[in-house]
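For reference, the structure discussed in these notes is given below.
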There are 2 protein chains.
Amino acid sequence: MKDVIENKLKLRSVKPTAMRLLVLQCLMEQNRALSLNELEALFENADKSTIFRTLKTFQENYLVHRINDGSGAIKYALCDDDCICSLEDNHIHFLCTKCEKTYCLKDTPITTPNLPNGFRANFANYLIEGICSTCT
Amino acid sequence: MKDVIENKLKLRSVKPTAMRLLVLQCLMEQNRALSLNELEALFENADKSTIFRTLKTFQENYLVHRINDGSGAIKYALCDDDCICSLEDNHIHFLCTKCEKTYCLKDTPITTPNLPNGFRANFANYLIEGICSTCT
DNA sequence: CTAAACTTTGCAATGGCATTGCACTCCTTA
DNA sequence: TAAGGAGTGCAATGCCATTGCAAAGTTTAG
């Protein structure tokens with residue numbers, strides 16, 4: 001397990017500090033998108049700004065992507081190993097309004113519609129709100 | 001013109017105060033989604049909280065919908081006259097990363113994808129970022 | 001082996017935006 | 001015309017993202 005995490009970091013040329021290993025592990029275990037506050041709560045004794053900067057580093061190296069799910073707090077979720085956060089990597093996110101958890105629906109790719117003349121798309125953020133399978 | 005605005009309010013049973021007429025007019029004229037700060041700047045001498053509450057009233061009566069375009073500030077845009085802000089009324093929003101303006105693409109309805117088993121959709125927020133036709 | 005240079009971390013602000021309590025004004029209505 | 005309710009303005013408050021600065025840790029050059 002630890003090897004998998006370290007490999008993920010190595011793959012993206014990010015130095016494996018203790019904090020980074022922990023944050024990455026959390027994101028892998030939870031298997032959903034987490035906010036800064038949620039992550040902080042999972043650690044108890046880590047500083048929020050350190051986690052923030054850890055996540056920033058992760059973003060810059062395509063380890064995580066940020067999700068704006070309208071909850072007020074930005075959520076962070078793991079990227080796939082071959083992700084470069086391009087339009088093609090964008091996928092639908094699902095916010096359950098009951099349990100308040102946000103999931104990546106990686107198997108549900110976004111179909112970019114035909115835009116009006118002169119509009120060009122660089123990035124898509126498609127959020128669906130509803131009830132998730134465990135809350136049904 | 002003024003009649004059109006007053007009618008919109010009457011249609012939704014919202015009393016036409018001076019502030020409400022002004023805010024509604026702004027939203028009609030700009031033909032795009034505006035943030036609270038943008039609206040405040042257009043008036044110079046109106047209080048932000050008054051505009052906020054005006055917009056809240058508008059939302060509650062399906063006159064405007066709020067858009068989370070990831071800019072940090074919520075944007076507000078006019079609803080169609082027959083809108084009840086249901087899933088069917090949801091449409092794509094476009095944020096131009098050059099001029100920072102957000103538009104409703106009402107002619108580009110959202111196609112809701114097939115969700116994984118057990119997931120049910122109630123609301124969709126589909127935002128596309130890119131370059132708009134006037135910035136191309 | 002050691003000192004300098006750089007990176008990471010923790011603490012303590014700061015700033016932006018949404019939201020609300022309270023008092024004042026205005027408008028409606030009995 | 002007085003009372004009640006609706007609308008407005010001002011001044012907080014709170015939440016979240018972000019950053020400056022100094023301490024601690026790590027790497028590198030000599």
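To find a chain, count down the sequence lines: A is the first, B the second, and so on, and within it residues start at 1.
For the contact set between residues 11-31 of chain B and DNA chain D, defined by any heavy atom under 4.0 Å, the members are B:Lys15, B:Thr17, B:Met19, B:Arg20.
Of the listed nucleotides (C:dG10, C:dT19, D:dA17), D:dA17 has the atom at the smallest distance from the side chain of A:Ile74.
Separating the OH atom of A:Tyr76 from the P atom of D:dC16 is a distance of 12 Å, rounded to the nearest angstrom. Look at CD on A:Glu40: it is 13 Å from P on D:dC15, rounded to the nearest Å. If you take CD of B:Glu60 and P of C:dT19, they are 11 Å apart, rounded to a whole angstrom. In this structure, A:Lys48 places its NZ atom 14 Å from P of C:dA12, rounding to the nearest Å. Between the CG atom of A:Asn61 and the P atom of C:dT8 there is a distance of 10 Å, rounded to whole Å. The nearest whole Å value for the distance from the CG atom in B:Asn68 to the C1' atom in D:dC16 is 13 Å. Atom pair A:Gln59:CD and D:dA17:C1' shows a separation of 11 Å (rounding to whole Å applied). Residue B:Ile51 contributes atom CD1, which lies 17 Å from atom P of C:dT20 at whole-angstrom precision.
For a distance-only test at 3.5 Å, the side chain of A:Ser35 fails to qualify as a donor-acceptor partner of the base of D:dC16.
Between its two ends, the helix from C:dC1-D:dG30 to C:dA30-D:dT1 turns its axis by 10°, counting five pairs per end and rounding to 10 degrees.
If you find the closest nucleotide of DNA chain C to B:Ala73 and to A:Thr50, the one lying nearer the 5' end belongs to A:Thr50.
For A:Ser49, no side-chain nitrogen or oxygen approaches OP1 or OP2 of C:dG10 to under 4.0 Å. Between A:Asn37 and the phosphate of D:dC16, there is a side-chain N or O to OP1/OP2 separation shorter than 4.0 Å. For D:dT18, the OP1/OP2 oxygens have a side-chain nitrogen or oxygen of A:Arg66 closer than 4.0 Å.
Between the side chain of B:Asn61 and the main chain of B:Leu63, no donor-acceptor pair closer than 3.5 Å is present. Remark: side-chain polar atoms of B:Arg20 are not paired, donor with acceptor, to backbone N or O of B:Thr57 under 3.5 angstrom.
Between A:Phe94 and A:Tyr103, a ring centre-to-centre spacing not shorter than 6.0 Å is recorded.
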| message | Set out, in order, the CA-CA distance, both residues' side-chain angles and the distance that settles side-chain hydrogen bond (donor to acceptor under 3.5 Å, both in side chains) for A:Ser35 and A:Lys75, then state yes or no. | response | CA-CA 4 Å; A:Ser35 70; A:Lys75 302 273 177 76; over 6 Å; no
| task | Give the intermediate values and the outcome of side-chain hydrogen bond (donor to acceptor under 3.5 Å, both in side chains) for residues B:Asn37 and B:Lys48. | result | CA-CA 8 Å; B:Asn37 277 331; B:Lys48 196 190 297 231; 2.5 Å; yes
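Nearest heavy-atom pair across A:Cys79 and A:Tyr62 is CB-O, 3.4 Å. Taking all atoms of both residues into account, the shortest heavy-atom contact from A:His93 to A:Asn125 is ND1-OD1, 4.3 Å. Residues B:Asn90 and B:Ala124 share a closest heavy-atom pair of OD1-N, 2.8 Å.
At a threshold of 4.0 Å, the pair A:Glu38-A:Arg32 counts as salt-bridged, since one of the basic side-chain nitrogens sits closer than that to a carboxylate oxygen.
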